[in-house]
Amino acid sequence: MAFEPPQRLVRALGETAPDGDGWLEKLPEAAQQAVDLRGLTVDRVQVPGGRSSLVVLVRRADGTPAVLKLAPPRFRPEAERAALAHWGGQGAVQLLEGQETAGVLLLERLHPDVSVRSLAEAKALLEAAGTLRRLWVEPPAGQVFETVAERTGRQAEAMRETAVGSAVPEVGALVDAALAAREELVAAPPEVRLLHGTFRQSKVLAGERAPWLAVGPDPVVGECAFDLARLVRDRVEDLIASPSGAGTTRRRVRKLAESLELDAERVRGWSLFRAVESGVRALRVGRGRDAELLLEFAGWL
């Protein structure tokens with residue numbers, strides 16, 4: 001079959017691809033090679049799919065449903081492979097093969113169209129938080145993952161550069177507040193847990209062997225509050241549209257922190273940093289509406 005990448009993926013990679021990157025052009029051939037090597041039968045390409053990888057629904061030679069995932073090196077697919085192998089299916093999708101092809105993962109098939117977001121908000125947050133708790137384990141010995149301090153340090157530099165040239169007045173103040181929060185947070189002795197790294201409701205899918213399992217990690221090692229911070233702003237459009245959005249946001253921080261026995265101020269601080277970082281990144285690539293929502297949300301924290 002023709003492995004045509006979904007338009008959502010094409011647009012997203014077009015925003016972030018470095019000059020001379022030919023991954024997208026080579027993707028159809030790479031997908032066909034990955035299918036042939038494993039003797040897979042293709043059901044369909046998942047649409048709209050994600051923003052960082054091609055997801056193909058396939059069947060193994062024995063008829064078992066599976067997922068073939070291909071991602072560019074800059075999205076760290078080998079780190080994802082290492083994290084999934086370490087979790088061993090506990091709280092996360094199962095890695096199905098030991099053989100390694102760079103940038104290619106063969107995964108357990110979940111229900112790709114049924115995420116925790118399909119639940120009512122309170123129930124969705126409860127189920128998502130419970131799934132996240134299962135992932136917070138000691139990192140594997142000898143396996144080097146990026147740390148929270150390292151990742152946010154890179155992001156901080158990019159935030160400073162974008163803020164200097166921004167025509168949006170409030171961006172500079174929000175970036176200053178976010179960077180100050182980060183400095184205080186990373187100054188504390190580091191907690192060492194393997195984290196999902198990009199956890200949100202849409203990354204929790206329905207499964208057969210467990211009701212809900214996490215997918216699509218961008219793993220990092222550090223404190224659990226960093227992982228919870230992305231979940232805090234889920235359904236940000238609904239929060240912004242609500243007359244009580246600011247109060248709801250603060251209550252959400254407190255309730256999520258309490259449910260996972262974390263310090264609410266550290267969850268709030270990382271939520272601020274991550275929301276501003278995402279908002280500034282959206283500004284950088286010209287997604288003005290996304291930037292507006294994220295920066296308004298950040299102002300409530």
Side-chain angles (χ1 to χ4, degrees), residues 48 50-51 83 87 89-93 110-137 148 178 181 185 191 193-220 222-279 282 290 293-301:
R51 294 184 171 88
W87 285 320
Q90 296 301 307
V93 65
L110 304 180
H111 295 285
D113 300 314
V114 184
S115 77
V116 156
R117 278 185 69 93
S118 63
L119 304 176
E121 182 178 357
K123 178 67 170 173
L125 287 170
L126 179 65
E127 294 289 352
T131 302
L132 186 58
R133 184 196 292 273
R134 299 173 67 193
L135 304 181
W136 292 339
V137 297
V148 166
L185 289 162
E191 185 180 12
R193 288 290 182 272
L194 180 60
L195 310 177
H196 184 283
T198 183
F199 190 84
R200 51 191 181 272
Q201 292 177 30
S202 61
K203 294 279 183 131
V204 186
L205 301 182
E208 297 296 334
R209 61 182 178 83
W212 301 106
L213 293 164
V215 300
D218 185 6
V220 64
E223 69 166 310
C224 299
F226 177 83
D227 229 6
L228 190 59
R230 176 58 186 83
L231 184 62
V232 165
R233 73 167 189 264
D234 249 322
R235 311 193 197 203
V236 67
E237 302 90 343
D238 295 339
L239 284 170
I240 296 298
S242 169
S244 60
T248 300
T249 295
R250 297 184 188 110
R251 286 192 296 274
R252 180 184 287 185
V253 169
R254 186 176 65 253
K255 288 180 180 179
L256 282 172
E258 289 174 352
S259 71
L260 292 171
E261 301 175 325
L262 299 178
D263 184 327
E265 276 303 298
R266 297 190 71 82
V267 173
R268 187 201 67 81
W270 280 124
S271 298
L272 171 63
F273 178 85
R274 298 192 71 175
V276 174
E277 189 278 325
S278 294
D290 290 346
L293 290 173
L294 289 162
L295 294 175
E296 183 173 352
F297 170 83
W300 292 344
L301 290 164

Check your understanding: Given the rule in the side-chain hydrogen bond (donor to acceptor under 3.5 Å, both in side chains) test, do Arg252 and Thr249 qualify, once you have shown the distances and angles that lead to the verdict?
Key -> CA-CA 5 Å; Arg252 180 184 287 185; Thr249 295; over 6 Å; no

Exercise for review: Decide yes or no on side-chain contact (heavy atoms from CB on, under 4.5 Å) for Thr198 and His196, but give the supporting numbers first.
Suggested key: CA-CA 6 Å; Thr198 183; His196 184 283; 3.5 Å; yes

Point to revise | Closest contact, heavy atoms only, Ala128 versus Phe199 | key: O-CZ, 3.2 Å

Exercise for review: Determine whether Val267 and Leu256 make a side-chain contact, defined as any pair of heavy atoms from C-beta on separated by less than 4.5 Å.
Suggested key: no

Exercise for review: Take Ser115 and Val204 through the side-chain contact (heavy atoms from CB on, under 4.5 Å) test and state the conclusion after the steps.
Suggested key: CA-CA 5 Å; Ser115 77; Val204 186; 5.9 Å; no

Review point. Does one side chain, of Arg268 or Ser271, offer a donor that lies under 3.5 Å from an acceptor on the other?
Key: no

Exercise for review: Mark yes or no for whether Arg266, through its side chain, and Leu185, through its backbone, hold a donor-acceptor pair below 3.5 Å.
Suggested key: yes

Check your understanding: Is the Trp270 ring parallel, tilted or perpendicular to the Phe226 ring (thresholds 30°, 60°)?
Key -> perpendicular

Point to revise | Non-hydrogen side-chain atoms of Arg117 and Arg200 separated by less than 4.5 Å | key: no

Revision key, fill the gap. Closest heavy-atom pair, Arg233 versus Ser278, reported as atoms and distance to 0.1 Å, is NH2-OG, 2.9 Å

Check your understanding: Would you say the side chain of Trp300 lies within less than 4.5 Å of the side chain of Leu239, judging by non-hydrogen atoms?
Key -> yes

Review point. Given Leu195, which of Leu228, Asp227, Leu135, Val137 fulfils the side-chain contact (heavy atoms from CB on, under 4.5 Å) condition?
Key: Asp227

Practice item. Please name the pair of heavy atoms, one in Ala129 and one in Leu231, separated by the smallest distance, quoted to 0.1 Å. Key: N-CD2, 4.2 Å

Exercise for review: Pick out which of Glu121, Arg235, Arg230 makes a side-chain hydrogen bond (donor to acceptor under 3.5 Å, both in side chains) with Gln201.
Suggested key: Arg235

Practice item. Kindly indicate whether the side chain of Ser259, heavy atoms from C-beta on, has any atom under 4.5 Å from the side chain of Leu126. Key: no

Practice item. Taking the side chain as every heavy atom from C-beta outward, state whether Glu223 and Val148 have any pair of such atoms under 4.5 Å apart. Key: no

**Study point:** Heavy-atom pair with the smallest gap, counting every atom of Glu191 and Cys224
**Key:** OE1-N, 3.1 Å

Point to revise | Rounded distance (nearest 0.5 Å) linking atom CG of Leu294 with atom CZ of Arg274 | key: 12.0 Å

Exercise for review: Check whether any side-chain heavy atom of Glu127 lies under 4.5 Å from a side-chain heavy atom of Pro211, and answer yes or no.
Suggested key: no

Exercise for review: Could you please spell out the steps behind the side-chain contact (heavy atoms from CB on, under 4.5 Å) verdict for Leu260 and Trp136?
Suggested key: CA-CA 11 Å; Leu260 292 171; Trp136 292 339; 3.6 Å; yes

Review point. Minimum heavy-atom separation for Val93 to Leu213, with atom names?
Key: N-CB, 4.1 Å

**Study point:** Closest approach of Val220 to Gly197 (non-hydrogen atoms, all atoms of both residues)
**Key:** CG1-CA, 4.0 Å

